[in-house]
Student: 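Once you've had a glance at the structure underneath, I'll fire off some questions.
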Amino acid sequence: MTKHPTQLTSAEIACIWTNYMQDSMSKCVLSYFLQTVEDEDIRPLIQLAYDISCVHIEKLTTLFQQEQIPLPTGFTDEDVNVNAPRLYTDAFILQYLAHMARVGMLGYSGFTSMGARKDLKTYFIKGLRETSDLFDQTTDLLLEKGLYIRAPYIPYPTKTDFVDSHKYLSGFSLFSKQRPLNTIEISHLYMNSVTNHIGSKLSLSFAQISPHKEVQNWMLRGRDISRKHMRIFTRILLDSDIESPISSDVAITDATTPPFSDKLVMFHMGMLSATGTGNYATAASASQRSDLIIDYERLSLEVALYAKDGADIMIRNKWMEQPPTTLDKEKLVKKKE
């Protein structure tokens with residue numbers, strides 16, 4: 001049987017476009033880290049992540065050319081100054097690597113589920129394995145150096161149990177204390193605290209290096225939102241007598257020379273905002289206390305409005321690259337009139 005070449009679906013085009021944008025950004029960030037890192041234990045992991053991004057960009061470039069689809073501009077050497085002074089501590093760079101590997105695993109699992117063509121599925125599955133391996137190695141090193149932020153511990157349960165009242169789902173009561181958090185709820189509160197910690201440090205560093213007041217203000221607003229959300233999650237944990245462990249590393253130096261373009265840092269924070277919104281949606285669907293669900297929904301709206309304002313800034317400055325779109329059939333019809 002003769003096999004006919006299968007055209008890429010809209011979902012597959014979206015996946016490879018998004019993947020190219022993210023890897024071209026990562027290549028810029030990692031090239032700067034390679035120049036500024038001092039800990040020789042961390043350097044090989046940065047190099048591994050950098051090499052993965054380079055190979056991905058090469059493969060995706062070939063794919064775009066084969067399919068005769070315009071190659072995204074993405075991010076280039078013009079968006080990074082590898083000779084800029086050191087902006088981040090080595091400990092933060094390692095935590096950043098682990099965080100972005102975690103984001104990558106979520107991304108590649110989603111890409112894999114949307115792909116149908118065999119070559120793309122193979123590529124995305126390989127990408128998932130690569131990012132999983134990177135995450136494994138970075139967390140191992142974080143543990144070795146005593147920098148890994150562990151989820152809270154709880155006493156082991158001694159028996160299985162079943163919910164015997166609808167009050168289990170309620171997070172509000174004027175006459176009784178809220179029920180203790182279950183392990184699923186704790187895990188999401190912990191993880192969202194950690195991601196907001198990373199986000200607060202990055203947004204502050206980006207505000208510190210940006211020459212544009214508008215970008216500075218937006219980044220500082222992002223820092224404030226992240227800190228606010230961390231306080232909310234920490235309070236909820238403390239109400240159940242659970243400590244919220246957060247790294248005490250300073251993370252940022254006093255450097256102000258920009259290692260990255262405003263276009264890159266705005267894209268980066270926009271990507272993290274989208275990931276955060278997805279994390280909140282997952283947490284809301286997994287949580288069973290109604291107060292937690294309401295908190296995640298209102299905090300998601302705050303992040304969405306923040307991301308919208310960031311997109312407006314990018315559009316005004318012509319920093320936002322448009323994803324591939326379908327044809328406007330009405331415009332085609334009007335051209336014939």
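This is a predicted model, so every value here is computed, not measured.
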Student: Between CD1 of Ile242 and CG of Leu189, what distance do you get to the nearest 0.5 Å?
Tutor: 8.5 Å

Student: With rounding to the nearest 0.5 Å, note down the distance linking CG in Asp79 to NZ in Lys27.
Tutor: 12.0 Å

Student: Is the closest side-chain heavy-atom distance between Phe92 and Ile252 below 4.5 Å?
Tutor: no

Student: Are Leu120 and Leu71 linked, directly or through intermediate hydrophobic residues, by side-chain heavy-atom contacts shorter than 4.5 Å (ILVMFWY only)?
Tutor: yes

Student: According to a hydrophobic-cluster definition based on side-chain heavy atoms being under 4.5 Å apart (Ile, Leu, Val, Met, Phe, Trp, Tyr only), do Leu30 and Leu134 belong together?
Tutor: no

Student: For Ile16 and Leu8, what are the C-alpha separation, side-chain angles and deciding distance, and is it a side-chain contact (heavy atoms from CB on, under 4.5 Å)?
Tutor: CA-CA 10 Å; Ile16 63 172; Leu8 293 177; 3.9 Å; yes

Student: Are Tyr88 and Ser205 close enough that a side-chain donor and a side-chain acceptor fall under 3.5 Å?
Tutor: yes

Student: Is any side-chain heavy atom of Arg179 less than 4.5 Å from a side-chain heavy atom of Asn182?
Tutor: yes

Student: Less than 4.5 Å apart, any side-chain heavy atom of Pro258 and any of Asn81?
Tutor: no

Student: I'd like to know if Asp312 and Lys308 make a salt bridge, using a cut-off of under 4.0 Å between side-chain N and carboxylate O.
Tutor: yes

Student: With rounding to the nearest 0.5 angstrom, report the CD1 to OG1 distance, Ile52 to Thr131.
Tutor: 7.5 Å

Student: Does some side-chain heavy atom of Cys28 sit less than 4.5 Å from a side-chain heavy atom of Leu264?
Tutor: yes

Student: If we ignore hydrogens and angles and just use 3.5 Å, is the side chain of Glu243 paired with the main-chain N or O of Leu238 as donor and acceptor?
Tutor: no

Student: Minimum heavy-atom separation for Pro180 to Arg289, with atom names?
Tutor: C-NH1, 4.4 Å

Student: Between Leu181 and Leu292, is the side-chain contact (heavy atoms from CB on, under 4.5 Å) condition met? List the steps.
Tutor: CA-CA 10 Å; Leu181 298 166; Leu292 299 181; 3.8 Å; yes

Student: Please assess Tyr50 against His56 for the test ring pair (Phe, Tyr, Trp, His ring centres under 6.0 Å), listing each intermediate value before the final yes or no.
Tutor: CA-CA 10 Å; Tyr50 177 82; His56 287 181; over 10 Å; no

Student: What about Phe75 and Phe260, are their ring centers closer than 6.0 Å?
Tutor: no

Student: Is the distance from the ring center of Trp218 to that of Tyr306 below 6.0 Å?
Tutor: yes

Student: Walk me through whether Glu38 and Arg43 qualify under salt bridge (charged side-chain N to carboxylate O under 4.0 Å, His left out).
Tutor: CA-CA 8 Å; Glu38 296 177 351; Arg43 183 179 300 278; over 6 Å; no

Student: Is Arg221 paired with Glu302 through a side-chain N to carboxylate O contact shorter than 4.0 Å?
Tutor: no

Student: May I ask you to decide if Gln7's main-chain N or O and Glu67's side chain share a donor-acceptor pair within less than 3.5 Å?
Tutor: no

Student: Quick one: closest heavy-atom pair of Met219 and Ala207, and the distance?
Tutor: CB-CB, 3.6 Å

Student: Over 60° means perpendicular and under 30° means parallel, so classify the ring planes of Phe124 and Tyr108, tilted if in between.
Tutor: tilted

Student: Do Val303 and His229 have side chains that get closer than 4.5 Å, going by heavy atoms?
Tutor: yes

Student: Decide yes or no on side-chain contact (heavy atoms from CB on, under 4.5 Å) for Asp51 and Gln47, but give the supporting numbers first.
Tutor: CA-CA 6 Å; Asp51 292 342; Gln47 187 67 56; 3.0 Å; yes

Student: I need the Ser24 OG to Asp77 CG distance, nearest 0.5 Å.
Tutor: 11.0 Å

Student: Say whether, by atom type as modelled, one donor and one acceptor occur between the side chain of Thr112 and the main chain of Lys121 under 3.5 angstrom.
Tutor: no

Student: Are Phe233 and Tyr296 close enough that their ring centers fall under 6.0 Å?
Tutor: yes

Student: So which heavy atom on Asp39 is nearest to which on Asp90, and how close?
Tutor: N-OD2, 2.8 Å

Student: Please check if the side chain of Glu12 supplies one atom and the backbone of Ala116 the other of a donor-acceptor pair under 3.5 Å.
Tutor: yes

Student: Which distance, rounded to the nearest 0.5 Å, do you find between the CD1 of Ile315 and the CD of Gln322?
Tutor: 9.5 Å

Student: Is the distance between the ring centroids of His197 and Tyr96 less than 6.0 Å?
Tutor: no

Student: Distance check, rounded to the nearest 0.5 Å: Ile294 atom CD1 versus Ser287 atom OG?
Tutor: 12.0 Å

Student: Linking I/L/V/M/F/W/Y whenever their side-chain heavy atoms sit closer than 4.5 Å, directly or via other members, would Met271 and Leu305 fall into one cluster?
Tutor: no

Student: Examine the side chains of Asp295 and Tyr280 and answer whether a donor and an acceptor come within less than 3.5 Å of each other.
Tutor: no

Student: Between Ser240 (side chain) and Leu237 (backbone), is there a donor-acceptor pair under 3.5 Å?
Tutor: no

Student: Flag the pair Asn192 / Met230 as yes when at least one side-chain heavy-atom distance between them is below 4.5 Å, and no otherwise.
Tutor: no

Student: Between the side chains of Lys228 and Asp224, is the shortest nitrogen-to-carboxylate-oxygen separation below 4.0 Å, so that they form an ion pair?
Tutor: no

Student: Should Tyr123 and Ile125 be regarded as members of a common hydrophobic cluster, given that ILVMFWY residues are connected when their side-chain heavy atoms come within less than 4.5 Å of each other, either directly or indirectly?
Tutor: no

Student: Any non-hydrogen side-chain atom of Asn317 less than 4.5 Å from a side-chain atom of Asp262?
Tutor: no

Student: Atom CZ of residue position Arg129 - does it have more than 12 heavy atoms of other residues, nucleotides or ligands inside 6.0 Å?
Tutor: no

Student: Can you name the closest pair of heavy atoms from Thr277 and Ser300 and give their distance?
Tutor: O-OG, 4.3 Å

Student: Using a 3.5 Å distance criterion without hydrogens, assess whether the side chain of Gln208 forms a donor-acceptor pair with backbone atoms of Thr253.
Tutor: yes

Student: Are Glu78 and Lys263 ion-paired here, with the side-chain N under 4.0 Å from a carboxylate O?
Tutor: no

Student: Apply side-chain contact (heavy atoms from CB on, under 4.5 Å) to Leu220 and Ser203, showing your working.
Tutor: CA-CA 7 Å; Leu220 290 175; Ser203 54; over 6 Å; no

Student: Of all the heavy-atom pairs spanning Ile209 and Ala255, show the shortest one and how long it is.
Tutor: CG2-O, 4.2 Å

Student: Applying the side-chain contact (heavy atoms from CB on, under 4.5 Å) criterion to Phe267, which one of Glu321, Met25, Met320 satisfies it?
Tutor: Met25

Student: Which atoms form the tightest heavy-atom contact between Ser200 and Arg223, and what is the distance?
Tutor: O-CG, 3.8 Å

Student: Should Arg102 and Met191 count as side-chain neighbours, where that means a heavy-atom distance under 4.5 Å?
Tutor: yes

Student: Can you hop from Val103 to Phe206 via hydrophobic side chains spaced under 4.5 Å?
Tutor: no

Student: Check the surroundings of atom CG in Leu143: do more than 12 heavy atoms from other residues, nucleotides or ligands lie under 6.0 Å from it?
Tutor: yes

